[in-house]
There are 2 protein chains.
Amino acid sequence: MKGHQVTIIDIARKLNLSKSTVSRALTGHPSVHPETRKAVLALAEEMDYQRNMLSISLLQRKSNIIGIIVPEFFSSYFPQAITGAQEIASQAGYNTIICHSNENYETEIANTKMLLAAQVDGVIASLTKETRNFDHFKIFERKGIPIVFFNRVCEEMSVPKVLVDDYEGAYRAVEHLIQRGKKRIAHLAGPDSLAISNKRLMGYRDALRRNNVPIDEDLIIPYDLTITKVKIYLNYLMQLDNPPDAIFAINDPTAVEILQQAKKKGLKVPEDLAIVGFSNDYVSALTDPPLTTVSQPVKEIGRAAAQLLIDQINRDVTDWKAIIKVLKTELIVRQSS
Amino acid sequence: MKGHQVTIIDIARKLNLSKSTVSRALTGHPSVHPETRKAVLALAEEMDYQRNMLSISLLQRKSNIIGIIVPEFFSSYFPQAITGAQEIASQAGYNTIICHSNENYETEIANTKMLLAAQVDGVIASLTKETRNFDHFKIFERKGIPIVFFNRVCEEMSVPKVLVDDYEGAYRAVEHLIQRGKKRIAHLAGPDSLAISNKRLMGYRDALRRNNVPIDEDLIIPYDLTITKVKIYLNYLMQLDNPPDAIFAINDPTAVEILQQAKKKGLKVPEDLAIVGFSNDYVSALTDPPLTTVSQPVKEIGRAAAQLLIDQINRDVTDWKAIIKVLKTELIVRQSS
DNA sequence: CTGTTAGCGCCTTCAT
DNA sequence: ATGAAGGCGCTAACAG
């Protein structure tokens, strides 16, 4: 934007026309002489004219930008979800600004401020594991900017959300381990700040309870998703008097790390220790042995979130609908269990 | 942006001040009464006032947005590179708009048009495997908008680029296979539209040549990076009268797929077939056996690209420098070779 | 079919 | 220390 930008005025001058006529020709307005239109379009092309969205956004009070905030970019989950969201957004004429909060609450706040300043028309977000206060998200609501959460959602805000049946998925995963004959099933859980952690934990508990497997609180370890800590918890678990014979992990990166550490300890998977993850990340099919996991339709989640958001944007603030969309998971049984 | 946006005028009215005074207070201009400033800042806070970047961008003819175009989001490479780039960009006060071309030439063109319309101050790009014409990128140069390529760079444009020593990396990888006693080393190469394909291929050839291993053109297969085709090529190779005893793959996803398919065929890795990849993706350490690969400092590549871009943005068009930064790779030997 | 005018929200002269 | 005026690039309303 440093060199001289070609504007409508440049074209108007060269063609001896008014700005408005040029503008009309460029925007496909019907009432403009075919000859004039042709001349304008030809010159615009020749001069590499490009509409300045900034001014249009300012004028129309609509930026056609959607902000997306995700906590990390490490697993294949969020990149995939973003891909789905962008697909729908760009079809609807929206650009996207992607932010990662890097699992950091302060960064998340900074991201929301930035999106606000950028005048986004809507926001799709998934929380950091640290987020317990939601004021920075509530500002959007107050300003009439719709927001949609997915995966890591804000429970206390009544806005659209896209989820999977975490409880169900966890339940089936654990029941599967029981059917495999496992009696001491541990759960490496997520932090209790995240609703998905709690839902998966509930699925775990209920699966044990209904199958009359005693619940041992020592086998339930909530952790902060810092992958390097997995080793410590695995050591702890295996040194119990009555160690687990299976672990259900909150997500695939965790399961993969358990697997690596278990192998290092000389444990046989699944004989000594069965492992089940959650999400069906790209890696989970490639490990040795391949990982049993609960798959979710990640791209579809992104698509759904974008669609719900665009619906909200097109609706008047007064009839916003807090639709909660729950997608299905599927248990994928591989050789780690 | 649908509800009423709080503007400087709103604040001015409530405080019985002029717009300019409020603006000055907000921007930290020195010549404003401390009392006034305090009142303005307090009210701004209370009203959730947020500066409208659109108008500022329009006025200053600088959007503070950097566009990033990458071909895919599937391997961990591009997400990681983007993370590095955003780190530097946001430190320097730039937002980023991320586009994926999805390995599609037309989409790449659409992306560049969009970034142009969004008035980005600069662009970081990595080409699709299909891109052979670069007019859509040259427009940026012509308009005085700097552009930096990384990984998949445009050879015919004299702009900053960030690369790794692909030739070196490939050379060392192949030499390593030779040292392991392999005699028939195949290369699953990338499409010749990409410079990195050719450089890695040259490294492969030279390593064989200098070590007096005959080059068999039948063992060199350029392909379009469509992962599903790997199976076909592996079948072809293994059915040769004199099949390969090792394969050097253009990248890790390819190597991982070769590994999976080889195992399906009952081949022992590395005894029957050694495999080496390129990039040290997250997965490559987790496969069975873990993959030998050439690692690159991906995040650092992203950082370097962003830094070079910001340097260009801050320089006058007349003294843009086409700095080419080459980062080091490192051979990581694991059990697949 | 074309031209004129006004203004989106902000900052920057220039004036007081 | 504060105000008033102008304009970034564009479109929409109102005139012909």
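Each chain gets a letter, A, B and so on, in the order its sequence line appears, and its residues count up from 1.
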message: Rounded to whole Å, please give me the gap between CG in A:N52 and P in D:dC8.
response: 12 Å
- request: Between C:dT2, D:dC8, C:dT12, spot the one nearest the side chain of B:R61, thanks.
  value: D:dC8
- request: Describe, as an angle rounded to 10 degrees, how the axis at the first end of the helix from C:dC1-D:dG16 to C:dT16-D:dA1 is tilted relative to the axis at the last end, five pairs per end.
  value: 50°
message: What I want to find out is whether A:R303 reaches A:E300 closely enough, with some N-O distance under 4.0 Å, to be called a salt bridge.
response: yes
- request: Check whether any side-chain heavy atom of B:I68 sits under 4.5 Å from a side-chain heavy atom of B:I97, and report yes or no.
  value: no
- request: Report the C-alpha distance between A:D48 and B:R142 in whole Å, list the side-chain angles of each, state the deciding distance to 0.1 Å, and finish with yes or no for salt bridge (Lys or Arg N to Asp or Glu O under 4.0 Å).
  value: CA-CA 9 Å; A:D48 278 332; B:R142 233 178 295 139; 2.2 Å; yes
Salt bridge flag under 4.0 Å for residues A:E141 and A:K138: no
query: If we ignore angles and hydrogens, is there a donor and acceptor under 3.5 Å between the side chains of B:E108 and B:T131?
result: yes
task: Give me the ring orientation class for B:F137 and B:F149: parallel if the planes are under 30° apart, tilted from 30 to 60°, perpendicular past 60°.
output: perpendicular
- prompt: Between D:dC10, D:dT2, D:dT11, which one does the side chain of A:R51 approach most closely?
  reply: D:dT11
message: Let's see if you can work this out: which of C:dC10, D:dG9, C:dT2 has an atom nearest to the side-chain heavy atoms of B:I56?
response: C:dC10
task: Compute whether any side-chain donor of one residue and acceptor of the other, for B:T128 and B:E103, lie under 3.5 angstrom apart.
output: no
task: Please work out if B:S20 contacts a base, only the sugar-phosphate, or nothing of the nucleic acid, heavy-atom cut-off 4.0 Å.
output: base
- request: Answer with base, sugar-phosphate or nothing: what part of the nucleic acid does B:L17 contact at a heavy-atom distance below 4.0 Å?
  value: sugar-phosphate
- request: Mind checking B:L59 for me? I need base, sugar-phosphate or nothing, with any heavy atom below 4.0 Å counting as a touch.
  value: base
- prompt: In whole angstroms, how far is the P atom of D:dC8 from the CG atom of B:N64?
  reply: 19 Å
message: What is the distance, to the nearest angstrom, from the CG atom on A:L58 to the P atom on D:dC10?
response: 12 Å
field: 5' priority, DNA chain D, between A:K19 and A:R24 [closest heavy atom]
entry: A:K19
message: Counting the atoms with a prime plus P, OP1 and OP2 as sugar-phosphate, which does B:I8 contact under 4.0 Å by heavy atoms, base, sugar-phosphate, or nothing?
response: sugar-phosphate
task: For B:S31, report the nucleic acid contact type (base, sugar-phosphate, nothing); a contact means any heavy atom under 4.0 Å.
output: base
- prompt: Do B:S23 side-chain and C:dT12 base share a donor-acceptor contact under 3.5 Å?
  reply: no
- request: Measure from NZ on A:K143 to C1' on C:dG9 and round the result to the nearest Å.
  value: 13 Å
